[in-house]
Each structure stands twice: as C-alpha cells, then as structure tokens.
Amino acid sequence: MLQLSNLTLHYGQSQILYGVSMAANVGEVTCVMGTNGVGKTSLLKAIAGVHHRSGGAYRLNGEDIAKPPPHALAKRGVGVVPQGRDIFPLLTVKENLETGYACLPKAEHKVPDEIFELFPVLKQMIGRRGGDLSGGQQQQLAIARALITKPKLLLLDEPTEGIQPNIIDQIGDVIEYLREQKSMAIVLVEQYFQFAYRLADTFVVMERGAVALEGRKSELTEAELLKAVSV
C-alpha cells in the first residue's frame, strides 16, 4: 500500500529526514519507533501531505504521489490520527465524527454501526462536546473519525500518549481487529514498547532522521529492539 524510497525532508534550511525507505502492507502493522526528536512525527506528516518532502519517491497503492495537499491524500485513502488528537472541543461527538464525511461521496455520509461496536463509549456520549471527554475518550473519538473516512492507509501518531491503561488495551484490541480485516495498511508511531511489540508485524527504528534498524518481528529479538530504541 505504501512504499517510500530515499525520502528526505527539510524545514527551511534544516534537514529533518535523511533518505528514509520503508513499506507498509495491507493487513499489517508497521511500527515506527525511536527516541524523541528523531523524526517520527515528521515522517508521518510527510506521508500525510502536511509537510512536502524535499526528495525521494512516494508510492501509494502502486501510484507515484507528487506533493498533493493533505485533503487530496485523505480522499485517496490516507487516514490520520495525529499526536494530540486534534478533535474539535466545541463540537459534539456526533459532529466530530461527521467531519470525516468530507472525504466521502454524499451517499456514504453515515456513521457505520461498526464504529460504535468498536467504541461503545462514543455511542453513550454522542451528544457530548468533544472537549468534555477524557483524554482516552478523545483518543477513541480521533481514531473513530479517521475510520469514518474508510482509509486504505491509517497513520497513528502516539495513540497511547497520556492514556489510562484500560483504554490503551482497548485501542490495542481495535488495531488488532483492523489488521484482521485486511482492508488497510497501518503505520503506528509509538514509544510505549510493550504496546508496539504486541501489535507490530514490522519495525522501523529511526535515529537522527534516518532508519537505523528495520525488520519483521520474526527477524528481530525483543532485546535487539529494546537496545535500538533506548539509544
């Protein structure tokens, strides 16, 4: 679904990403790991079109991608759950979910029952304002909103950050369910090691804006990974 080759990214005169190559396959979770400041979020923003890459190739579902704006990539099936969630605090849960309709034809402007099966709390709080939800509930809302767009590639940036343990487990269950549906590729940026190790099929470990280690879970030991992400 996603193939990056030698992707580079600059912010002004500063280079952030150095020749990043990685792939994400449908029905799998690709986990991007590394310490703070190594370029993980910048990489996700480049994939989402928020930042335009300086160089390298980007293929989505077999097609070369130029440098379209985020809304064009969203319509092509790139769903994003950003760090910090970015829900609309003054809109209700229902209205937040409906913002995902922008990517869909009018005939598909409805919230699938599956959303409330995955996140029952959202059905209970459908009329509540987003800003009144707990952090964990807001994270569930952000993931649900991304799923409304029917993504082929789902980007998750630190979904466990600041979330209580029981909600982390629920989010992990949802990611496993989505993988089993084999309808999308999932790229997960995550620092919580045990959560990432539970879910990932493939690991991409970054260091100073470049890929320092890459491999399938079956090829890498837990100790190798721990050492790589602890540098």
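- For R145 and E98, the salt-bridge test fails: no basic side-chain N is under 4.0 Å from an acidic carboxylate O.
- Within the 4.5 Å cutoff, no side-chain heavy atoms of E95 are placed close to those of L90.
- Proximity of M125 to L133: side-chain heavy atoms (C-beta onward) are separated by under 4.5 Å at one or more points.
- Proximity of I186 to E28: side-chain heavy atoms (C-beta onward) are nowhere separated by under 4.5 Å.
- Within a 6.0 Å sphere centred on NZ of K94, heavy atoms belonging to other residues, nucleotides or ligands number 12 at most.
- Side-chain contact between T30 and F203 is absent, with no heavy atoms from C-beta onward closer than 4.5 Å.
- To the nearest 0.5 Å, atom CG of residue L153 and atom CG of residue N61 are 10.0 Å apart.
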Show me the donor-acceptor pairs, under 3.5 Å and distance only, between side chains in residues 36-50 and residues at least two apart or in other chains.
residue : atom : partner : partner atom : Å
N36     : OD1  : Q191    : NE2          : 2.6
K40     : NZ   : G34     : O            : 3.1
K40     : NZ   : T35     : O            : 3.0
T41     : OG1  : D157    : OD1          : 3.4
T41     : OG1  : D157    : OD2          : 2.9
S42     : OG   : Y11     : OH           : 2.7

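- A donor-acceptor contact shorter than 3.5 Å is absent between the side chain of S5 and the backbone of G56.
- Within a 6.0 Å sphere centred on CG of N166, heavy atoms belonging to other residues, nucleotides or ligands number more than 12.
- Between L104 and T149, the shortest heavy-atom contact is CD2-O, 3.8 Å.
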With salt bridge (charged side-chain N to carboxylate O under 4.0 Å, His left out) as the test, would you mind laying out the steps for D201 and K217 before giving the verdict? CA-CA 5 Å; D201 296 287; K217 185 176 180 178; over 6 Å; no
Could you walk me through whether R198 and E176 pass salt bridge (charged side-chain N to carboxylate O under 4.0 Å, His left out), step by step? CA-CA 9 Å; R198 166 191 168 187; E176 286 185 333; 3.1 Å; yes
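- In this structure, E108 and P105 have side chains that are in contact, with non-hydrogen atoms separated by less than 4.5 Å.
- Looking only at atom types and distance, the side chain of E114 has a donor-acceptor partner in the side chain of Y177 under 3.5 Å away.
- Closest heavy-atom contact between A185 and M1: CB-CB, 3.8 Å.
- Residues D64 and Y58 have side chains not in contact (no heavy-atom distance under 4.5 Å, counting atoms from C-beta outward).
- With hydrogens and angles ignored, the 3.5 Å screen pairs no side-chain donor or acceptor of R85 with any backbone N or O of L141.
- Counting only distance, with no hydrogens or angles, the side chain of E190 and the backbone of A196 share no donor-acceptor pair below 3.5 Å.
- The side-chain hydrogen bond (donor to acceptor under 3.5 Å, both in side chains) test applied to D132 returns no partner, not counting sequence neighbours.
- Taking each heavy atom of I148 and P112 in turn, the nearest pair found is CD1-CD, 3.9 Å.
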For the pair R76 and E63, evaluate salt bridge (charged side-chain N to carboxylate O under 4.0 Å, His left out) and give the outcome as yes or no after the intermediate values. CA-CA 11 Å; R76 295 183 75 154; E63 292 183 48; 2.7 Å; yes
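- The two atoms that bring L154 and A146 nearest to each other are CD1-CB, 3.9 Å, heavy atoms only.
- Considering only heavy atoms from C-beta on, M33 stays 4.5 Å or farther from M206 through its side chain.
- When all heavy atoms are compared, the tightest approach of V29 to L188 is CG1-CB, 4.1 Å.
- L178 places a side-chain heavy atom less than 4.5 Å from the side chain of M184.
- Of the N and O atoms on the side chains of R216 and T202, at least one donor lies less than 3.5 Å from an acceptor on the other residue.
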